[in-house]
Amino acid sequence: MKLEEIRAAEARLLLSTYERSPVLFVGGEGVSIIDEAGNRYLDLLSGIGVNALGYNHPVIVETIARQSRALIHSSNLYYHEGQAELAVRLAERTGLDRAFFANTGTEAWEGALKLARAYAGLKRSEGANIGTKFLALEQSFHGRTFGSMSTTFKEKYREPFAPVVPGVEFVRFNDVADLCAKFSNEVCAILVESIQGEGGVRPLTQEFFSEARALADSTGALLIVDEIQSGMGRTGKWCAYQHYGIQPDVTTFAKPLAGGLPLGAVLCTEEVARVMHAGMHGTTFGGGPLACAVGIAVIDAIEKNGLLARATEVGGYFMERLRSLASRHETIVDVRGKGLMIAAELDSAELAKLTVAEMLRRHILINCTSDTVLRFLPPYILERAHVDTAIAALDEIFTEHATAHNAPTRGHHHG
Ligand SMILES: *Cc1c(COP(=O)(O)O)cnc(C)c1O
């Protein structure tokens, strides 16, 4: 089927949850994704932060081939080789003790929320004064299932599905006074992303993060950090909270964890883990042999190829180039991020949308989040030359836009 036929068929057959860009991808290699005509697109989004090693990476291809010949699925009723091996790697890299494997980000986050409620119940049974409330942050994004959605800020994600899970209060982002005012013994967990992803690549301040840790410690509430977008090395460290010297009680991973296969994980301390008993939580598919084998291979490839240092180095260069672009284009009002989790905020939602489309036309993939924020989540194998290509394209788009905008009579209309 060709693109137009597929569009028509999907319009008839699928729930309309996405406004897809009009492009049909059939392959990929390295930093490039390839359309049906053979055009290569520089992918600076990597499947929304998933394809950490890029496309068609030999380690991933070979691991899938080998493991799929051996065993794809066996269920969590029996042992296989992958979960403990992956768990030990994740424990070492998160500073936490135990793991539960799920399939997706939202499912990992549901596991974290369930741990928090159950752990608070255990503490109450041991005489502690601790409630059931969650404090989440404004502009947060934790996923689309009921619990995750209920802790996600945007009303348009929650309202159509009301009533949502009760017991969630939102704190103003990075507002320490609001956090302190809303925190009490009623709270069982404070929920944060170290760097908000969908919320516009917004890092927590050190002050806010430290205060959240201290408040949780003061009552025995948990600090739960969602690293689904920022974790697994994207920011140059395995967890973005490590930039702050903060240690959470619970964290979640997903997006890049298995290099493109669905896999999520919730990790917690030994202390929190003692609440979980056989039968309390589970999954049919989560932590299957195939996904775990690839997860192990991805972590080992990141180590072996020095990709954390690369994310820091190439990410730093990317931000530097964006800052210099910002000095020439007033439309860029902020450049922020860490490693290869980067944003350029524009002064216009219309221009942000146009920029994504114009980049696509130039065969470069980026996206726009929070209306005005251009977001870059490239694969960790990105090189400086790719950054230069992207910056040149952005420069051209902003220059053309400014020209068309300031001197419409000269006839430079684009887009
Ligand atoms: C993407 C994301 C999720 C949800 O992950 P899914 O795999 O789409 O369910 C949760 N939290 C954060 C921070 C995310 O970026």
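Worth knowing before you read on, the calculation uses all heavy atoms, side chains too, and leaves out hydrogens, waters and symmetry mates. Atoms within a ligand are numbered from 1 in the order they appear, just like the ligands themselves.
- Around atom CD of Glu92, more than 12 heavy atoms belonging to other residues, nucleotides or ligands sit under 6.0 Å away.
- Looking at Asp226 next to ligand 1, an N or O pair under 3.5 Å apart turns up.
- Of all the listed residues (Thr252, Thr145, Thr106), Thr106 holds the heavy atom that lies closest to atom 4 (C) of ligand 1.
- Residue Trp109 places no heavy atom under 4.0 Å from ligand 1.
- Remark: atom 7 (O) of ligand 1 lies closer than 4.0 Å to at least one protein heavy atom.
- Across Gln196, Gln229, Lys255, heavy-atom proximity to atom 3 (C) of ligand 1 is greatest for Lys255.
- Of the charged side-chain nitrogens involved, at least one lies within less than 4.0 Å of a carboxylate oxygen, so that Glu4 and Arg7 count as a salt-bridged pair.
- A perpendicular orientation is assigned to the rings of Phe146 and Phe161, their planes being inclined by more than 60° (bins at 30° and 60°).
- Residue contacts with ligand 1 for Glu193 involve side-chain atoms from C-beta outward but no N, CA, C or O (heavy atoms, distance under 4.0 Å).
- Given atom 5 (O) of ligand 1, the protein heavy atom at minimum distance is Gly105 CA, 3.2 Å.
- Using bins of under 30°, 30° to 60° and over 60° for the plane-to-plane angle, the ring pair His73/Phe285 lands in the tilted bin.
- Between Phe141 and ligand 1, an N or O atom pair is found at a separation short of 3.5 Å.
- Between Phe173 and Phe153, the distance separating the two ring centers is not shorter than 6.0 angstrom.
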task: Show the numbers, then the answer: is there a side-chain hydrogen bond (donor to acceptor under 3.5 Å, both in side chains) between Asn76 and Gln83?
output: CA-CA 10 Å; Asn76 280 306; Gln83 287 198 11; 3.0 Å; yes
